[in-house]
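Reviewing the structure listed below.
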Amino acid sequence: MAAASTTKISWCLQEFEAHSRTVSCLSLGKSSGRLLATGGEDCRVNIWAVSKANCVMSLTGHKNPVECVQFSVSEEQVAAGSQSGSIRVWDLEAAKLLRTLMGHKANITGLGFHPFGNFLASSSMDTNIKLWDVRRKGYVFRYKGHTEAVRNLAFSPDGKWLASASDDCTVKLWDLFQGKTITEFKSHSAAVNVVQFHPNEYLLASGSSDRCIKLWDLEKFTMVGSLEGDTSAVRCLLFSPDGSCLYSGASDSLRVFGWEPDRCFDVVPVGWGKVSDLAVCNQQLIGVSHQLSSVSSYVVDLKRVKKSGGAVIQGIIQDNKPLTDPAEPKGAALRRNYDRPTTTCSSNRMKRSDTDRRSPDGERRSQSEDEAEDKQSSAEIHNAEDYREIFQPKHAISRTPPRVSEPFPAPPEDESVLAIGRQLTDMMLPSPDKQQAPPLATSTPVQRVEPTVVSCAKRPNPMPCNPAPSSQPAPPTQVIPTKSQQQLRVIPSSRNEPLGLNVADFLPSAANHRGGALSDDSALSQIKKGHDTMCVMLSSRHRNLQTVRSVWAREDVKSALDAAVSMNDLSITVDVLNIVNLQPSLWKLDLCTTVLPQIDKLLQSKYESYMQTGSTSLKLIMKHFWTLISETLKASPAVGVDITREERHQKCQECCRHLKNLSNVVKNRARQVGRHGNAFKELQLLMVPLDEVL
């Protein structure tokens, strides 16, 4: 049977544990699309090769959590800013600290390397922007004008301008050589998160929390486009390499926009959550995101994404209507292109003043202090083979063309069909040494990634299809696992083979029908034997869900969840929790007392989808209610009678008792090896504050 070709547009490449504590920032190398830098609350910067779960290099030296990371254009250097306002620049090829830059008074929020010179721009919560020469100590210039935190920076392709995005809802354009503001754009109604220059034309894009993207003409300094349609804040922007379209990354979606006239070419659902950075390589878009201590990478096949057509945006995006030509010609033919300089820019060309050149504090540091800090910084190479392959060949002279990175292969669309086909083939082909096809439980393993990689299925499935254990027919010949194997067996939420289904169960034994093939009618009658039973199970489940829904509509979510729990069917509880988890505003302390005992059952279930739902609920409770629970239990007894306070104290005690039990469950499951063990280690990290009270 021929293998069907994949039709996937987007897929999860991998998910892995990146730091020992929460990941706070990450950045992709834009030139190759194959390098990833992550910064965390453990004060480290880790360098990774995209698609590999082993850290290539770990950079230390920061004494405070790392808030921002950025690769240089050549990807030979990486800069990282911390909560204290310090910036460190490392030489990745030499594996050493290159420079420590001090001057900001608050968190570093944005970094950007100059496209040609040895300059670095930094932005901070202190509202200032500073331009540094990484070859020297002290900043070259300070740009002042924003009234709130500056979130993002971008250099123009010719290296003459700098754009900044701020929480004050404005975008400013700065002249690097004159050291002053060229213009200010004010059309956004919320904080501006990202700015991006067009690779060729005098055009600037800005994305905001108001869910809009604005396009600015940098010759006339006017707005030429307003792209709306994102359902959440715009987090990332990236022009295509040829500048023909604009990619917008928001929560769980990628949108492809055109302008003049404004239109949306395509909308691609991607499960990357709150995406943090984008890069394009080999006609694939790479997106990365982080959650707690884990990092996820996703791939979108741009060959399958529409980059032309689409309807003009008129309040609402309409993708299926024909595109009407604009009334007058606009676009690339009329817009000026950047002139790339033939030499690198020099700091001598910039006007400096004594007041803006050095900060009053934080700059005048002795040489011994700088040397002491440099000695505390190090670059730990964890994977020497990958390090030599990525960084050292740049200095080597090769007589052969450089190796071109291959596109990431897409996973098969649906391997369950192929698995059934393989078993049917085995059943129909007589063999003297084989009386019967082996059961699916003993076939090739379904795990296709390295053991250190965590499952990419983050979001719970609204309607889990896993039947109850009692409804799964056991294979006729199954190897009896050991006790340890029974404890670690987990049924994955996304499987390559059907669960509880063996083709041999639906066909007569091969020994009795070796002489001829089974007719279609006989095969269909065998397969339909379990159809009525399955319909009864699904009908019962549907009725139960309708009952829960009616209770929810008549009363509240707490009563609906109590009704689901009273049915003694975990699948119903999971269905309800999958909806409640999507709406944190529905959660109350009363709901926690009902959910926590069910989380205990879900985390110990053998179904991965149940474990994911329980983990999501536990994370929500710890995030939104742990502060209330701990403060209530630590508070001194009140004078007099306060019934409301006593009831709240009793509920908090009950929640704390359940959380203590869950903490023990999580610690035991975290000892497992592989992706499920890593998932429970993440939960264990989240529940660390529980130990202080217990």
Side-chain angles (χ1 to χ4, degrees), residues 459-472 490-491 493 499-500 532-622 624-626 628-629 643-644 646-666 669 683:
R459 300 184 310 280
N461 189 359
M463 292 289 290
C465 301
N466 300 333
S470 59
S471 65
Q472 301 168 6
V490 175
I491 299 174
S493 57
L499 176 66
D532 294 337
T533 304
M534 180 60 68
C535 287
V536 170
M537 291 176 58
L538 293 178
S539 298
S540 174
R541 183 170 175 179
H542 184 250
R543 285 195 301 271
N544 289 337
L545 287 174
Q546 283 184 322
T547 302
V548 172
R549 183 181 179 183
S550 62
V551 172
W552 193 335
R554 188 174 61 252
E555 300 180 32
D556 55 13
V557 61
K558 172 71 164 53
S559 302
L561 197 55
D562 288 337
V565 171
S566 66
M567 295 175 181
N568 293 322
D569 187 348
L570 267 184
S571 64
I572 304 298
T573 304
V574 168
D575 289 339
V576 178
L577 281 179
N578 283 335
I579 301 301
V580 177
N581 288 342
L582 297 176
Q583 305 179 55
S585 59
L586 294 175
W587 286 79
K588 300 291 186 290
L589 192 60
D590 286 342
L591 196 64
C592 296
T593 59
T594 302
V595 172
L596 283 170
Q598 304 305 312
I599 294 178
D600 193 349
K601 300 176 183 177
L602 296 177
L603 293 183
Q604 299 188 67
S605 171
K606 66 179 181 179
Y607 298 105
E608 185 181 35
S609 60
Y610 287 17
M611 292 164 52
Q612 291 169 355
T613 301
S615 299
T616 304
S617 299
L618 182 56
K619 290 175 184 177
L620 282 170
I621 292 174
M622 289 298 298
H624 296 284
F625 293 96
W626 173 244
L628 171 65
I629 293 172
I643 297 178
T644 303
E646 290 179 359
E647 289 180 348
R648 183 170 63 250
H649 190 274
Q650 185 177 0
K651 293 173 184 176
C652 289
Q653 278 186 328
E654 184 179 355
C655 290
C656 192
R657 185 178 69 255
H658 289 305
L659 287 172
K660 182 178 180 180
N661 296 334
L662 288 173
S663 179
N664 296 330
V665 172
V666 169
R669 301 296 293 266
L683 277 177

Could you pull out the closest heavy-atom pair between W587 and N581, with the gap in Å? CZ2-OD1, 3.3 Å
Tell me, with the steps shown, if V574 and S609 meet side-chain contact (heavy atoms from CB on, under 4.5 Å). CA-CA 9 Å; V574 168; S609 60; 5.8 Å; no
Please report the closest heavy-atom contact between I572 and A564, naming both atoms and the distance. CG2-CB, 3.9 Å
Spacing of CG belonging to L620 relative to CZ belonging to F625, to within rounding of 0.5 Å: 9.0 Å
Starting at SG of C652, measure out to CD1 of I629 and round the result to the nearest 0.5 Å. 5.5 Å
Output, in order, the C-alpha distance, side-chain angles, deciding distance and verdict of side-chain contact (heavy atoms from CB on, under 4.5 Å) for W626 and I621. CA-CA 7 Å; W626 173 244; I621 292 174; over 6 Å; no
Restricting to non-hydrogen atoms, name the atom on H624 and the atom on P584 that form the minimum distance, rounded to 0.1 Å. NE2-CB, 4.0 Å
Under the side chain to side chain donor-acceptor pair (under 3.5 Å) test, which residues partner T573, sequence neighbours left out? none
Start with the C-alpha gap between L591 and V580, add the side-chain angles, then the distance that decides, and say whether side-chain contact (heavy atoms from CB on, under 4.5 Å) holds. CA-CA 10 Å; L591 196 64; V580 177; 3.9 Å; yes
Within a reach of under 6.0 Å around CD of E555, are more than 12 heavy atoms found that belong to other residues, nucleotides or ligands? yes
What distance separates S615 OG from E608 CD, expressed to the nearest 0.5 Å? 10.0 Å
Answer yes or no: is there a donor N or O on one side and an acceptor on the other, between the side chain of S566 and the main chain of A563, under 3.5 Å? yes
If we only count heavy atoms from C-beta on, is the L659 to L618 side-chain gap below 4.5 Å? yes
Atom pairs and distances, side-chain donor-acceptor, residues 546-553, under 3.5 Å, sequence neighbours left out:
residue	atom	partner	partner atom	Å
T547	OG1	R543	O	3.0
S550	OG	Q546	O	3.4
S550	OG	T547	O	2.7

Donor-acceptor under 3.5 Å (T616 side chain, Q612 main chain): yes
Sequence neighbours excluded, the answer for side-chain contact (heavy atoms from CB on, under 4.5 Å) partners of Q604 is D600, V665, R669
Given salt bridge (Lys or Arg N to Asp or Glu O under 4.0 Å), test R541 with D569 step by step and report yes or no. CA-CA 9 Å; R541 183 170 175 179; D569 187 348; 6.0 Å; no
Tell me, with the steps shown, if S571 and Y610 meet side-chain contact (heavy atoms from CB on, under 4.5 Å). CA-CA 8 Å; S571 64; Y610 287 17; 3.3 Å; yes
Sequence neighbours left out, what passes salt bridge (charged side-chain N to carboxylate O under 4.0 Å, His left out) with D562? Give chain and number order. K558
What heavy-atom pair brings V595 and S617 nearest, and what distance separates the two atoms? CG1-CB, 4.2 Å
Of all residues at least two apart in sequence or in a different chain, which pass the side-chain contact (heavy atoms from CB on, under 4.5 Å) check with Q653? L633, H649
According to salt bridge (charged side-chain N to carboxylate O under 4.0 Å, His left out), who are the partners of D556, at least two apart in sequence or on a separate chain? none
Residues that E654 engages under side-chain contact (heavy atoms from CB on, under 4.5 Å), provided they are two or more places apart: T593, R657, H658
Return each pair, listed once, that meets salt bridge (Lys or Arg N to Asp or Glu O under 4.0 Å) where at least one residue sits in residues 581-599; pairs must be two or more places apart or across chains. D590-K651
Does V557 reach the side chain of I579, with side-chain heavy atoms less than 4.5 Å apart? no
Which heavy atom of G614 sits nearest to which heavy atom of I599, and what is that distance? O-CG2, 3.7 Å
With sequence neighbours excluded, residues passing side-chain contact (heavy atoms from CB on, under 4.5 Å) with K601: L570, Q598
